[in-house]
Amino acid sequence: MVMRSDHFRHHALPVLTIVIAILAAWYVGAYVLNASFQRDLDRRGNVTSTPIEFLAKTMAQPKPILPAPHQVAQNLFENTFLRKVTSNRSLLYHAWVTLSSTALGFAMGTALGIAIAIGIVHVTTLDRSLMPWIIASQTVPVLAIAPMVIVVLGAINITGLLPKALISTYLSFFPVTVGMVKGLRSPDRIHLDLIRTYHAGALQTLLKLRLPASIPFLFASMKVAIAASLVGAIVAELPTGAAAGIGSKLLAGAYYSQTIDIWAALIAGSVLAALLVTLVGLAARMVDRMMGAKPEGKPA
Amino acid sequence: MQMSKKISTATAKPYSVVSAQNLGLTFDTNDGPVHALSHVDLDIAKGDFVSFIGPSGCGKTTFLRVIADLEQPTSGTISVNGMTPEEARKARSYGYVFQAAALYPWRTIEKNIALPLEIMNYSTSERQERIARVLDLVNLSGFGKKYPWQLSGGMQQRASIARALAFDADLLLMDEPFGALDEIVRDHLNEQLLDLWSRTQKTICFVTHSIPEAVYLSTKIVVMSPRPGRVTDVIHSTLPKERPLEIRETPEFLEIAHRVREGLRAGHGYEE
């Protein structure tokens, strides 16, 4: 019992405080931003309302400038739990569409990132020639690349999941490459000397020393990469006028000024991101455990 | 120099495991060249237990690394088992024990010992048999499934010795393997190492800072001095092969220790 209240004080309480502060600021913002439109509305309809009624009305507009948290929560709840998952209005359906291209793009990006890193670590020419291009590739805004990729691939009849996943790949291979180059070079001199005394080849050194040593670096960069993959998938849904996905939901919301829908989709997107990053974190912990890492907080 | 040469040739058995002539190694650094080794002549016979002793910077570790083909000499010649160091390394002629245990943290103790065996393509059953044998040899039976962090420093270093013994190299190179351990653990491991040496008949090259350790363990003590790193004396131990720890209190032992100390002093090792 003591431990539980400690846990509450140290972990839950700070988070809860911030959440309450954000919600309060959000409500104030919703009132301030929606008040002038509501005042216009009241004037035109010749309605007089008490301050309390007025306040309630600023929080109940169908297309507010800033929807109140409870409006977003209600929309989120209805579109997540009260719709059939196959329905075009279900957020779960849209999240699933985005998730599938995120996952494919992330898998391809991670594989590509590892492959490039292995090449860079083993071939001096690649180290010198490839790295500047890889860094340059990330300075081009993804918003400029995404439509081109989709259009070009569309012209050669590649549509659907793959073009979207490629945008995710484009964003996610970079952190993996950088992290893995560092990870593959992380073994201590003494560990490298040791395997050299056994006359191990480059492949054996890679498999038995460099790769295992790089695992912590891999998971750290995969956490960044999976969040980037999600951003890539959402951005890729914008120029296609995709029929489904969180990106298309955002776009449709913007077309029809469905601000509540936009916010609900935004939140769905961030929940998805949090879930994915947590998932990678759990996988990291599991692999760590399997590789015999010392449990935290235990003395040697 | 002349003297060491004479002594080594006089006692050299027909087959020398390590033979260096006029060996030199110069590192180019930003502060100019550093002569890590200069004009080193040395013969190590099969079955010898040779200690290298000297202050920091005398090149004793560098010499061991040259034998192991981890450093390249810049002058002179050296042969290991009658081959160049590179050929000897590729023939897996030696086991190397580093200053730190250098166990791979993601492998259990037995998997760490299996590492050279995996690389050298030993069969699974052969691996298991050898792991069990060397774990027993260093008194670590029952710890095979532990991870390195679960073992004390002394046990980790014993595991790293077991790893060097797991494959068939008859030369063991040890670079201050007990340097980081406390006196009591060190005594114990020294005793075990002598026992191991007499049972396995290996040739051992052992780098150390400690005079008692060198005298207690060795059949031959190579005293080195720094700047440039060179051999100043080679002392053949007159101690018997059977050496209980108490031998360190005998006049014979103290006499050899005295000669080592004199050699170190003559090498101007303590001037700076």
Side-chain angles (χ1 to χ4, degrees), chain A residues 114 117-118 121-122 124 179-180 182-222 280-300, chain B residues 61 64-65 67-71 80 85-122 145-153 155-156 160 163-164 166-167 169 171-175 177:
Chain A
I114 294 174
I118 289 174
V121 169
H122 285 87
T124 328
M180 280 303 279
K182 197 157 185 229
L184 292 171
R185 286 184 177 150
S186 70
D188 294 334
R189 180 82 252 163
I190 199 172
H191 285 155
L192 285 163
D193 278 348
L194 177 80
I195 203 158
R196 183 177 152 83
T197 67
Y198 303 145
H199 186 217
L203 181 65
Q204 283 173 321
T205 307
L206 176 70
L207 292 179
K208 297 194 187 295
L209 176 56
R210 290 189 189 277
L211 277 178
S214 69
I215 293 299
F217 294 82
L218 175 64
F219 277 104
S221 45
M222 270 163 61
V280 173
L282 283 177
R285 284 249 296 270
M286 235 168 68
V287 171
D288 221 31
R289 193 84 39 91
M290 270 161 53
M291 288 175 71
K294 186 165 73 172
E296 275 169 53
K298 263 198 187 169
Chain B
T61 294
L64 214 62
R65 290 176 65 85
I67 299 175
D69 189 37
L70 294 174
E71 306 284 354
V80 180
E86 189 186 354
E87 286 164 350
R89 177 175 66 83
K90 290 184 174 168
R92 282 119 182 194
S93 311
Y94 65 85
Y96 201 109
V97 179
F98 292 86
Q99 278 175 16
L103 300 166
Y104 289 2
W106 54 86
R107 284 176 171 252
T108 58
I109 297 302
E110 59 183 24
K111 286 281 178 195
N112 265 290
I113 296 171
L115 178 71
L117 305 175
E118 288 168 18
I119 290 169
M120 298 172 194
N121 282 323
Y122 284 81
K145 304 266 186 247
K146 299 272 187 212
Y147 281 96
W149 64 267
Q150 293 171 302
L151 268 58
S152 69
M155 288 161 100
Q156 289 183 21
S160 90
R163 182 180 55 190
F167 53 100
L171 175 60
L172 194 56
L173 305 174
M174 307 179 84
D175 182 9

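So that the names make sense, note that chain A is the first sequence line, chain B the second, and so on, each numbered from 1.
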| Side-chain heavy atoms of A/Tyr198 within contact of B/Arg163, under 4.5 Å | yes
Applying a strict 4.5 Å limit to non-hydrogen atoms, the region of A/Ile215 in contact with chain B is neither
Whatever's closer than 4.5 Å to a heavy atom in chain A on B/Ala91 counts as neither
d(B/Leu70 CG, A/Thr197 OG1) to nearest 0.5 Å is 7.0 Å
So CG of B/Leu115 and CD of A/Gln204: to nearest 0.5 Å the spacing works out to 9.0 Å
Across all chains, not counting sequence neighbours, the salt bridge (Lys or Arg N to Asp or Glu O under 4.0 Å) partners of B/Arg92 are none
Interatomic distance, CZ@B/Phe98 vs CZ@A/Arg189, rounded to 0.5 Å, equals 9.5 Å
Query - Any side-chain heavy-atom pair of A/His191 and B/Pro105 under 4.5 Å - result: yes
One should read off an interatomic distance between B/Glu86 CD and A/His199 NE2, to the nearest 0.5 angstrom, of 8.0 Å
Turns out that what part of A/Ala213 lies under 4.5 Å from chain B's heavy atoms comes down to both
Open item on the list: Side chains of A/Asp193 and B/Arg65, heavy atoms from C-beta outward: is any pair under 4.5 Å?
Closed with: yes
Bottom line for A/Leu207: the part with an atom under 4.5 Å from chain B's heavy atoms is neither
Taking the side chain as everything from C-beta on, heavy atoms only, tell me whether B/Arg89 gets closer than 4.5 Å to A/Arg196. yes
Beyond-backbone contact of A/Leu194 with B/Tyr96, side-chain heavy atoms, under 4.5 angstrom:
no
Within residues 106-113 of chain B, the residues sitting under 4.5 Å from chain A by heavy atom, in sequence order, are B/Trp106, B/Arg107
Note, B/Gln99 side chain near A/Ile190 side chain (heavy atom, < 4.5 Å):
no
- [ ] Kindly check if the number of other-residue, nucleotide or ligand heavy atoms within 6.0 Å of NZ (A/Lys182) is above 12?
- [x] no
Bottom line for B/Leu173: the part with an atom under 4.5 Å from chain A's heavy atoms is neither
